[in-house]
Amino acid sequence: MNKLTSYTIKEIHRAYRDKILTPTSFVDLSLQRAKQTSELNAFVTITADEAENHGIESEKRFYIEKKTRPLDGISVGIKDNFCTYNIPTTCASNMLKSFVPTYDATVYSRLRAAGACLIGKCNLDEFAMGSGTIDSIFGPTRNPWGFDENADDWRIAGGSSGGSAVAVSSGACLAAIGSDTGGSTRNPAALCGIVGLKPTYGLVSRYGLIPLVNSMDVPGILTRNIEDAVTVLNCVAGPDDLDSTTIKRAYKPVDLVDIDLSKVRIGIPKEYHCEGMSEEVLDTWRYVADILEKEKADVKAVSLPHTSVSIAVYSILNQCEVASNMARYDGLEYGLRTNEDNSTEELYASSRSKGFNNVVRWRIFAGNYFLLAKNYDKYFIKALKLRRLISDDFNNVFNGENSVDLLLTPTTLCDAPLYSDFVSKHNRDQCAFQDYCTQPANMAGIPAISVPIRLSKNKLPLSIQLMGPYLSEELLLNVAKKIESIVNFPELNSE
Ligand code: GLN
């Protein structure tokens with residue numbers, strides 16, 4: 001483990017100022033770490049030239065211009081479904097294997113404007129459809145926790161932003177960007193023992209994020225600690241003319257303080273206590289509720305009655321939007337074009353069948369089925385109505401009688417599964433199990449965060465999730481910070 005990456009961004013900046021470390025040497029260490037840990041398969045592309053150039057620019061700003069930016073000399077990774085100018089952006093799919101964007105996603109241009117140094121593009125499930133980072137044309141990503149290079153099996157990284165989570169947890173980057181449609185930032189963060197933040201829908205621009213489910217997608221932030229998540233959020237959030245769904249109000253940066261929990265009300269939604277949740281996860285959930293109570297928070301049971309239908313609703317809406325989003329890949333304008341075909345229709349069919357994996361094809365079929373004229377009301381419209389009820393459940397607990405400020409739940413139902421067990425299940429069942437606690441926040445558009453708490457019997461991370469009302473990032477992150485400071489989650493390899 002590269003000890004330097006256990007420092008916070010602010011500590012690294014202090015070390016730069018004291019010249020104990022320089023941006024170029026740190027970027028070098030990050031690149032070395034990314035290469036040394038290549039068997040984890042966190043990166044699809046390592047951008048060594050960019051990283052070195054960005055490091056040199058930061059170094060100039062530190063020592064010559066003396067005008068530093070908040071992420072100068074900070075190594076970052078970006079999930080490979082965010083467009084990056086002149087750097088391949090593959091979505092881990094044959095369809096986009098040779099796609100090189102001509103523009104930057106807003107998240108990336110803002111990271112760069114803040115001085116961040118790009119180490120590489122991170123692995124994912126094809127088009128971000130999954131919860132394990134096992135379905136990538138580049139092969140699966142491996143969780144560094146419990147990893148033994150001589151063993152046949154390993155723990156999954158979670159997904160679909162598993163590459164971003166492993167880039168951070170293995171010490172190749174201080175921060176990484178993921179995307180979160182149903183939990184893809186929080187889930188791998190939880191399984192890899194780092195922080196995963198899903199901001200309010202529209203707080204961070206989706207411009208240049210290759211869409212999965214436009215009405216739920218949001219760029220996510222993965223870091224080793226809460227302070228760094230705040231530093232990154234404050235650089236990337238805020239209105240963007242290039243994304244009409246961003247919140248138009250000027251962004252007020254989050255401020256971390258030592259919060260007094262005696263005025264904070266925390267809800268424990270009873271429906272999240274579901275079948276299949278491991279005893280260790282339940283214990284960890286109780287443990288954090290007890291911590292909050294000891295800190296004088298008002299902790300009480302609440303109800304989100306539509307939680308049980310949430311997964312079914314999520315998956316119908318997901319597949320409908322997927323069917324529509326994927327229609328752009330027709331072999332003509334973007335991506336893979338097979339050339340052994342005669343008619344346009346054949347070209348279209350063969351490009352799509354060779355370009356997409358089974359998971360993507362299956363979702364396109366299912367989505368088109370739900371959208372057929374005869375099924376539209378029965379599935380799509382019904383799912384939209386239920387989505388509203390799920391969202392209303394959150395409104396009621398946050399604003400109704402006997403309301404609470406935040407909700408506390410587990411992030412995942414168990415610690416990181418073994419690859420061999422996980423891969424034996426259908427993608428639909430993997431997601432239904434892994435996303436149970438995370439996808440409701442996407443359907444309601446509210447912010448949520450996964451915080452690592454302690455290790456399981458298998459010595460793997462166990463995490464909890466906090467959710468809050470629309471635009472409650474400041475409270476969410478301050479309470480998360482309090483929990484982080486009390487639980488003292490161990491470093492990887494420190495046991
Ligand atoms: N596992 C979920 C899915 O496959 C979530 C994906 C995501 O958040 N990108 O749809």
Side-chain angles (χ1 to χ4, degrees), residues 78-82 91-93 105 107 122-136 140-141 156-165 176-191 196-199 201 204 206 209-222 310-326 356-364 366-367 370 383 387 411-413 416-417 422-423 425-450 465 467:
I78 296 194
K79 189 173 180 178
D80 209 27
N81 57 351
F82 284 89
C91 281
S93 173
V107 174
C122 302
N123 203 7
L124 66 155
D125 287 300
E126 186 162 328
F127 282 98
M129 297 184 204
S131 302
T133 315
I134 56 159
D135 283 317
S136 155
T141 293
I156 63 158
S160 62
S161 314
S164 302
I177 297 294
S179 60
D180 197 310
T181 307
S184 279
T185 292
R186 288 160 286 156
N187 174 284
L191 300 189
L197 172 68
K198 171 225 175 284
Y201 180 82
V204 180
R206 291 183 294 116
L209 164 60
I210 296 175
L212 172 60
V213 180
N214 310 48
S215 70
M216 301 181 203
D217 293 342
V218 61
I221 296 169
L222 299 110
S310 192
I311 270 287
V313 172
Y314 169 81
S315 84
I316 290 172
L317 295 176
N318 178 305
Q319 287 147 24
C320 292
E321 289 201 43
V322 163
S324 144
N325 270 326
M326 295 293 145
F356 295 138
N357 71 2
N358 282 341
V359 175
V360 179
R361 287 202 302 266
W362 177 79
R363 290 198 194 190
I364 295 172
F370 296 136
R387 180 181 184 175
T411 313
T412 57
L413 307 195
F422 196 72
V423 82
K425 300 189 179 83
H426 191 282
N427 172 272
R428 182 190 46 222
D429 303 323
Q430 294 163 4
C431 292
F433 188 70
Q434 288 291 326
D435 307 342
Y436 185 86
C437 298
T438 51
Q439 44 73 30
N442 297 77
M443 289 206 283
I446 59 173
I449 191 165
S450 179
Q465 173 180 239
M467 293 183 270

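Note that ligands are numbered from 1 as they come in the structure, with each ligand's atoms numbered from 1 the same way. Only heavy atoms go into these numbers, but all of them, side chains included; no hydrogens, no water, no symmetry mates. None of these values were measured; they are calculated from a predicted model.
- Under the rule for a side-chain contact (heavy atoms from CB on, under 4.5 Å), the partners of T185 that lie at least two apart in sequence or sit in another chain are S161, D180, L222.
- Contact residues of ligand 1 (protein heavy atom closer than 4.0 angstrom to a ligand atom; sorted by chain and number): A128, M129, G130, S131, S160, D180, T181, G182, G183, S184, L212, Y314, N318, R363, C431, D435.
- For residues 313-326, no pair satisfies salt bridge (Lys or Arg N to Asp or Glu O under 4.0 Å), with sequence neighbours left out.
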Side chain to side chain donor-acceptor pair (under 3.5 Å) between S164 and K79, worked out: CA-CA 6 Å; S164 302; K79 189 173 180 178; over 6 Å; no

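- Partners of S310 according to the side-chain contact (heavy atoms from CB on, under 4.5 Å) rule, which considers only residues two or more places apart in sequence or in another chain, are I390, Q439, P440, M443.
- When T133, I134, T141 are each tested for a side-chain contact (heavy atoms from CB on, under 4.5 Å) with I156, only one passes: I134.
- Checking each of N123, D80, D125 against S136 for a side-chain hydrogen bond (donor to acceptor under 3.5 Å, both in side chains) leaves exactly one that passes, namely N123.
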